[in-house]
Each structure stands twice: as structure tokens, then as C-alpha cells.
Amino acid sequence: DQRIALYQQSIDAYSGYLRVINNKYQAGSEDRATLAQAQNQLASTRATALDYQWQRAQLEHAIALLLGKTPSEFSLPVAPLQGTLPSIPAAVPGTLLQRRPDIAYAERNVAAANAAVGVAIAGYFPDLSISASGGFSSSVLHNLFSLPQRVWSLGPELSGTVLDFGATSAEVNQARASYDASVATYRQTVLTAIQGVEDDLVELNTLQQEIAAQQEATTAAIESARVTRNQYDAGMIDYLDVATTENTSLSSRQSLLSLQSTQWVTSVALIAALGGGWDSSQLPDAPAASHQ
């Protein structure tokens, strides 16, 4: 909306210039080239403004769909931006990252892989239980009394473990390898998250300085355009100088809006990268899982 308003202001100014130049051309005090230049400048600015109009319409349609409505049922009236940027802290606690879904997911995978190691190791031990009738039960108990004496001394389940040709050992190794892989993934997920936070913090700090510098450049460009307009009205310069300074002023103001837009988007990105903000009181109370 601010970009559209900016271009509308320029269209109004260029339309006024065109009327003046056309009158001068009709009176013979301006040449055809100057008139064509003014017409081109106005038409070009109108084309860009129309480009922003359809972009705004598509964004409005996207918001309608997010609200579960058809585009014809929803409209977003033009309004000035009244929000305020969040204050950027000098430092943020890294524990805030625990709230990120990708980190929580990776951490749970580590916990699951850790449990799988314990399950695999349990395969080394006999699976015997005492029943209420005083006997034994297991998956191999029906073979208990038919086993050779040398196996009987080991116990049926234990001998099965010893003579499983390394299957249990392989399962343990596989579980441990899976655990190591999940830990590596978790570590990489955390490092990537930290990188994202650092990138956003650096970008926001740099944008503050860049916006301040661009604001100075925009103020100077606006003043230059004003002085040039006055000089043209006084007949001191050609319209070419006016067109040049007006284009510079418009481009400078457009650059300032782009930087401000980037600042808003990056602020949202930082909030998302931190899992929803930077207040440590927002941390969940659930204790972190212990790992072996």
C-alpha cells in the first residue's frame, strides 16, 4: 500500500508536469522531445503502479484462502502500517531454541534411538517368567526338556542367544549406529537453528544502519527534486534535469520502503527461528530427556 501510494504521488506530480509542458508545447515554447519525455515518464510510472495493484490483489486473495474464504468474500482495506517492530535484544538465550518443532522432533528421535539400544541389548538375556502355577513360560519352553544336557546347563534362552550366529549382536550394533546417527542429526539441526538466529540478528543490526543511511539519501534526493522543480519553473533548466531528479527521488524512496519491508520480514524470521520470541519465561516446563 505504501508503494502504491508513493507511485500515485509521483503520477499526480508527473501529470501536472505533462499539462504544463503540453501547454508550453502548444504555445511553441517547448519542443516535441520534451513533451514525449514527459509522456514517457508518466506512462512508465503508471505501468509500475498497476504492477503493484495486481500484486496487492493476489496477496489479498492469499489471505482470504488462509481465512477459509473465497477471494470475493474478503477484502483488505487500505490502511497505514500501525505496528511497531519488536525491540531486538543484545543477546538471546539459546535454550529458547528448544521450542522449535524441528529441534524437538530431532531430540525425540535421539530419545527413541537411545531406548532402542536398550531393547536390543535386552535380547542377550533369557526371556523367562514365573507363572502363577509355579512353572516357567517362554517362547522355547516347550523344547526345554528335549534339549541336550550341554544346552540344559546354559538354559534354553541363553543358549539361543549364544547360538544366534551374531544376530543379537548385529541388532545392538545397528541400534547404536542408529542412535549415533540421530545424535548427529540432532546436533546438525541445532547448529542450523543457531546459524539462522545469528544470520537474522546480524541482518537486523545491519538493516538499522542501512535504513538510517538510506533515509539520509532519500531526504537529499527529495530536496534535490524540489530545487530542480523550482529551477524549471523559473525557466533556468530544461525538463530533462527535472525528470532525472524526480526519477532519482522516486527510486530512493522505493529503496527505503524495500529496506523497511525487509526489516519487518527479518524480524518475523528471527521470532520464528527462536521458536516464537525471545522471552525465556516462554520456555516449556517439560524437562529435557537424558541420553546415554
When every non-hydrogen atom of L42 is compared with those of I11, the smallest separation belongs to CD1-O, 3.6 Å
Report the C-alpha distance between S10 and Q41 in whole Å, list the side-chain angles of each, state the deciding distance to 0.1 Å, and finish with yes or no for side chain to side chain contact (heavy atoms under 4.5 Å, CB included).
-> CA-CA 10 Å; S10 298; Q41 188 175 40; over 6 Å; no
*Under the 3.5 angstrom rule, does the side chain of R229 hit a backbone N or O of V242 as a donor-acceptor pair?*
no
Can you get from Y232 to L35 by hopping between Ile, Leu, Val, Met, Phe, Trp and Tyr side chains that sit under 4.5 Å apart?
-> yes
Note: Q263 and L204 closest approach over all heavy atoms is O-CD2, 3.7 Å
Margin query: Please verify the inter-ring angle class for Y52 with Y7; under 30° counts as parallel, over 60° as perpendicular, anything in between as tilted.
Written below: tilted
Is there a donor-acceptor pair closer than 3.5 Å between any side-chain N or O of E210 and the backbone N or O of L259? no
Checking T228, V227, I222 against S224 for side-chain contact (heavy atoms from CB on, under 4.5 Å), the one that qualifies is T228
Whether S44 side chain and N40 backbone form a donor-acceptor pair below 3.5 Å: no
| Any chain of hydrophobic side-chain contacts (each under 4.5 Å) joining I4 to L256? | no
Exercise. Please answer whether the main-chain N or O of T185 pairs with a side-chain N or O of T189 as donor and acceptor at a distance below 3.5 Å.
Key: yes
### Query
Is a donor on one side and an acceptor on the other found under 3.5 Å between the side chain of E60 and the backbone of L76?
yes
For A272 and R100 the tightest heavy-atom approach is O-CG, 4.4 Å
* Check the pair I63 / F74 against side chain to side chain contact (heavy atoms under 4.5 Å, CB included), numbers first and verdict last. => CA-CA 8 Å; I63 295 174; F74 176 81; 3.7 Å; yes
(Q) Checking the side chain of S251 only, and the main-chain atoms of N247 only, is there a donor and an acceptor separated by less than 3.5 Å? (A) no
Are L270 and I194 connected in a single hydrophobic cluster, I mean Ile/Leu/Val/Met/Phe/Trp/Tyr linked by side-chain heavy atoms less than 4.5 Å apart?
-> yes
Does the Q214 side chain pair with the main chain of S252, one donor and one acceptor, at a distance under 3.5 Å?
yes
Closest non-hydrogen contact found for Q37 with Y239 is OE1-CD2, 3.7 Å
For A38 and I21 the tightest heavy-atom approach is CB-CD1, 3.6 Å
Between R46 and S15, the two heavy atoms sitting closest are NH2-OG, 3.9 Å
Run I103 and Y186 through side chain to side chain contact (heavy atoms under 4.5 Å, CB included) and show every step you take. CA-CA 7 Å; I103 290 180; Y186 175 67; 4.0 Å; yes
